[in-house]
Amino acid sequence: MTQDAAVATAASRRLSLEEIVSYCRRRGFIYQASEIYGGINGFWDFGPMGAELKRNIKQTWWEDMVTRHNPLVAPAGTPSPFEMTGIDSSIIQHPQTWRVSGHSDLFSDMMVDCHETKKRYRFDHLAGRWIKDREGNPLFIAAAPDAPDADAFLDQRARKLLGISKSREVVWDSPLTDLAELDDFANVLAPHASEKGTLTEPREFNLMFKTYIGAMQTAADAAFLRPETAQGIFLNFRNVLDSGRFALPLGIAQIGKSFRNEITPRHFIFRSREFEQMEMEFFCPPETSHQWYKYWQQRRLDWYLDLGLRRENIRVREHEASELSHYALGTTDIEYAYPFMADGEFGELEGIANRGAFDLNSHSMGRLAKADPPELALDENGAPLHRGSGKNMVYNDVARGEKYVPYVIEPAAGADRALLAFLCDALEIEKLGEGGGEDSERAVLHIHPRLAPVKAAIFPLVKKEGMPEAARDLFGAMKRKWNVTYDEKGSIGRRYRRADEVGVPVCITIDDETISQGTVTVRDRDTLEQQRIKLDDCPAYLDKLIEG
RNA sequence: GCGGGUAUAGCUUAGUGGUAAAGCUCCAGCCUUCCAAGCUGGCUAUGCGGGUUCGAUUCCCGCUACCCGCUCCA
């Protein structure tokens, strides 16, 4: 850190991603998974500090979303009071869950990529016809899978490419042929390309981790690690309603691990293959859904701001209609200016979506195709593509005197991304101009006390005159309620710096006045200011610091 | 997935075809009464696997991981 500080020119500065990674490793926040075996791409382990920080982030989210919620009062801007609760569902669910949700189709197929246009096609959706090019060489023109009329599309492509006038008929050398019947793609012209031979070999493209239930491991036993926690909530919607005496509007929250076989894990823990989500599904009457959507956008933004993220580093971005997922009526991203993003660019922190009744209807009727309103996806025989459970998802709203399938607002946050954002935002190298005349730097993590891995550090000023004994007594008492540390090694200044670097909000120092008058000094991490308080007031002081 | 770069101690660096060096950190001891003091001592490293060589941390090949730029991102 001395080296880093030496290149600092401003009064304080933010760190690069490499410096953040180095810091996380050095101070016990995050290590590369399986590091002693050379590491494993896309996986990370949380060390002593990181585990505490992540636990605090999750706990703060859970408290603010679920346990501290008052269901008797309607917050400003909402149509009504509402209830909040939580579940913890299984990582492995019935495979039909992912077929109906759309994740199987989207996440697992043989795909071919086009080098030229960068488009990706499902291998089994591509077909085309053979023809002779201008030099008389064989050329396979592939049709766009989404073209309404493949023959018309192919004729048009051939006329344009080979200069065949409208008065002449296009003469093909073959009927419509699946790409799968070709030995290689060297003579294949991709649907949107200008040159042939731009397609890759078909590659399996499965973003869900596959496993097997039972020891036999046959194809019929295949199961998947969840790619999102949300579906576990939809599957249990009826259970929660039936067993909990809840009425809508109702939010069901869940925190847990999810798994995606990302093609390119990147940027430290920003995109990893195993990650933790904090998701909530808010079930409400359809006609109020937009109002709730707006409410949750603001409330989720406020959560990050209240916990100290700088406003200038956060952006709220509403998706364009063309960006929307197959299920969403509206989606807003809360984005953060991560240090690996270019200046002025932001990366996703949390998404808030209005999913309509898509999920509940899907799990009732079967996989829905994107349409307005959504309709059942059918296979070539007209049967449902993926059958739903057949269970009734209609809610009988006695208070409103109507029955409906609830609409769902989903704030879906990444716990790891939140952790990364809080770290990046809070970590600074500060230049302290004063102090003995020489330039002095300190690394300090200005993390919110609620999130701080260690809440307080307790020091005896020196190791004599009864100070260690008094400090240990205080430490023992505080430890019952908070994660506090005791340190008597090194000079007092060195101990302050060590505490600053891992974001300890306050250092409590025992000195000779503690022994004679029962007072201690509390030193603030951010202002460096000290004040003297009564020894007995330490718990109340810390409680106020954390909870405000 | 493509291209470029990197890999020596916990961190930041040095160096060498023949016993791997330093500063910081950390630990122990002495000292120390409020912001990284000082003294003494100590622990700890060439990412993994091949090849060339009498001998490889150094040269070559492969792999892995990380960083940067594209690509992708339910």
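Atom set for the values below is all heavy atoms of this structure, side chains included, hydrogens, waters and symmetry mates excluded. Below, chains carry the letters A, B, ... as their sequence lines are ordered, and counting in each starts from 1.
Shortest non-hydrogen contact noted between A/Leu542 and A/Lys455 is CD1-O, 3.5 Å. Here the closest heavy-atom approach between residue A/Pro460 and residue A/Arg495 is recorded as O-NH1, 2.7 Å. When all heavy atoms of A/Tyr23 and A/Val502 are compared, the pair lying nearest together is OH-CA, 3.8 Å.
Note on A/Asp511: a base of the nucleic acid sits closer than 4.0 angstrom, heavy atoms only. The residue A/Arg25 sits close only to the backbone: its heavy atoms come under 4.0 Å of sugar-phosphate atoms, none of a base. Residue-level contact check: A/Lys463 touches the bases, meaning some heavy atom is under 4.0 Å from a base atom. No contact: A/Tyr37 has no heavy atom under 4.0 Å from any strand.
Remark: the separation of the P atoms in B/A7 and B/U57 is 16 Å, to the nearest Å. The C1' atoms of B/A22 and B/G18 are separated by 22 Å, rounded to the nearest whole Å. The same atom, P, is picked in B/C60 and in B/U16; the two are 15 Å apart, to the nearest Å. Using C1' as the reference atom, B/G47 and B/U8 are 10 Å apart when rounded to the nearest Å. On the P atoms, B/C59 is 24 Å away from B/C66, given to the nearest whole Å. Comparing B/G10 with B/U44, their P atoms sit 10 Å apart, to the nearest whole Å. Comparing the same atom, P, in B/C48 and in B/C70 gives a spacing of 33 Å after rounding to whole Å. If you take atom C1' in B/G49 and the same atom in B/G42, they sit 34 Å apart, rounded to whole Å.
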Which atoms of nucleotides 37-40 of chain B (N or O only) lie under 3.5 Å from a protein N or O atom, and what are those distances?
from	atom 1	to	atom 2	distance (Å)
B/A37	OP1	A/Arg494	NH2	3.0
B/A37	OP2	A/Ser491	OG	2.5

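Whole-Å rounding puts the A/Tyr23 OH to B/U12 P distance at 15 Å. Between the C1' atom of B/C70 and the CE atom of A/Met341 lies a distance of 14 Å, rounded to the nearest Å. One interatomic measurement links the two molecules: CZ of A/Arg273 to C1' of B/C66, which rounds to 14 Å at whole-angstrom precision. Separating the CZ atom of A/Phe459 from the C1' atom of B/A36 is a distance of 12 Å, rounded to the nearest angstrom. Whole-Å rounding puts the A/Glu430 CD to B/C35 C1' distance at 12 Å. Rounded to whole angstrom, the span from the CZ atom of A/Arg525 across to the P atom of B/C34 amounts to 24 Å. Put simply, CG on A/Leu15 is 12 Å from P on B/U12, counting in whole angstrom units. For the pair A/Ile40 CD1 and B/G47 C1', the interatomic distance rounds to 15 Å; values are reported in whole Å.
Here the side chains of A/Gln231 and A/Arg226 are not in contact, with every heavy-atom distance at 4.5 Å or above. Within the 4.5 Å cutoff, side-chain heavy atoms of A/Gln32 are placed close to those of A/Trp44. With contacts defined as side-chain heavy-atom distances shorter than 4.5 Å, the pair A/Leu474/A/Leu535 qualifies.
For A/Arg266, no side-chain nitrogen or oxygen approaches OP1 or OP2 of B/C68 to under 4.0 Å. One finds no side-chain N or O of A/Ser16 lying less than 4.0 angstrom from the OP1 or OP2 phosphate oxygen of B/C67. Between A/His267 and B/C66 there is no side-chain N or O to OP1 or OP2 distance below 4.0 Å. Put simply, A/Asn41 has no side-chain N or O that comes within less than 4.0 Å of OP1 or OP2 on B/U64.
B/A20 makes up no base pair with any nucleotide shown, lacking Watson-Crick or G-U wobble contacts both under 3.5 Å. The partner of B/G69, taking Watson-Crick or G-U wobble pairs whose two distances both stay under 3.5 Å, is B/C2. Nucleotide B/C43 has no partner under the Watson-Crick or G-U criteria, as no pair reaches both atom distances under 3.5 Å. The partner of B/G55, taking Watson-Crick or G-U wobble pairs whose two distances both stay under 3.5 Å, does not exist in any strand shown.
Listed candidates were B/C26, B/C35, B/C67. Nearest to the side chain of A/Glu18 is B/C67.
A/Asp425 places no side-chain N or O within donor-acceptor distance of the main-chain N or O of A/Ala421, the cut-off being under 3.5 Å.
Judged as a side-chain contact (heavy atoms from CB on, under 4.5 Å), and not counting sequence neighbours, the contacts of A/Asn483 are A/Glu52, A/Val454, A/Lys479. With sequence neighbours left out, the salt bridge (charged side-chain N to carboxylate O under 4.0 Å, His left out) criterion links A/Glu513 to A/Arg532. Here A/Lys54 pairs with A/Glu276, A/Asp416 under the side-chain hydrogen bond (donor to acceptor under 3.5 Å, both in side chains) rule; sequence neighbours left out.
Considering A/Glu410, A/Glu350, A/Gln254 as possible partners of A/Glu279, the one that fulfils the side-chain contact (heavy atoms from CB on, under 4.5 Å) test is A/Glu410.
Less than 4.0 Å separates RNA chain B from at least one heavy atom of each of the following residues of residues 27-36 of chain A: A/Gln32.
Pairs passing the salt bridge (charged side-chain N to carboxylate O under 4.0 Å, His left out) check and including a residue from residues 515-525 of chain A, sequence neighbours excluded, read A/Asp500-A/Arg523.
Contact of A/Gln530 with B/C34 (side chain to base): a donor-acceptor pair of N or O atoms is detected under 3.5 Å. The base of B/C72 is not paired with the side chain of A/Thr264 by any donor and acceptor separated by under 3.5 Å.
Between A/Asp512 and A/Gln277, the one whose closest nucleotide on RNA chain B sits nearer the 5' end is A/Asp512.
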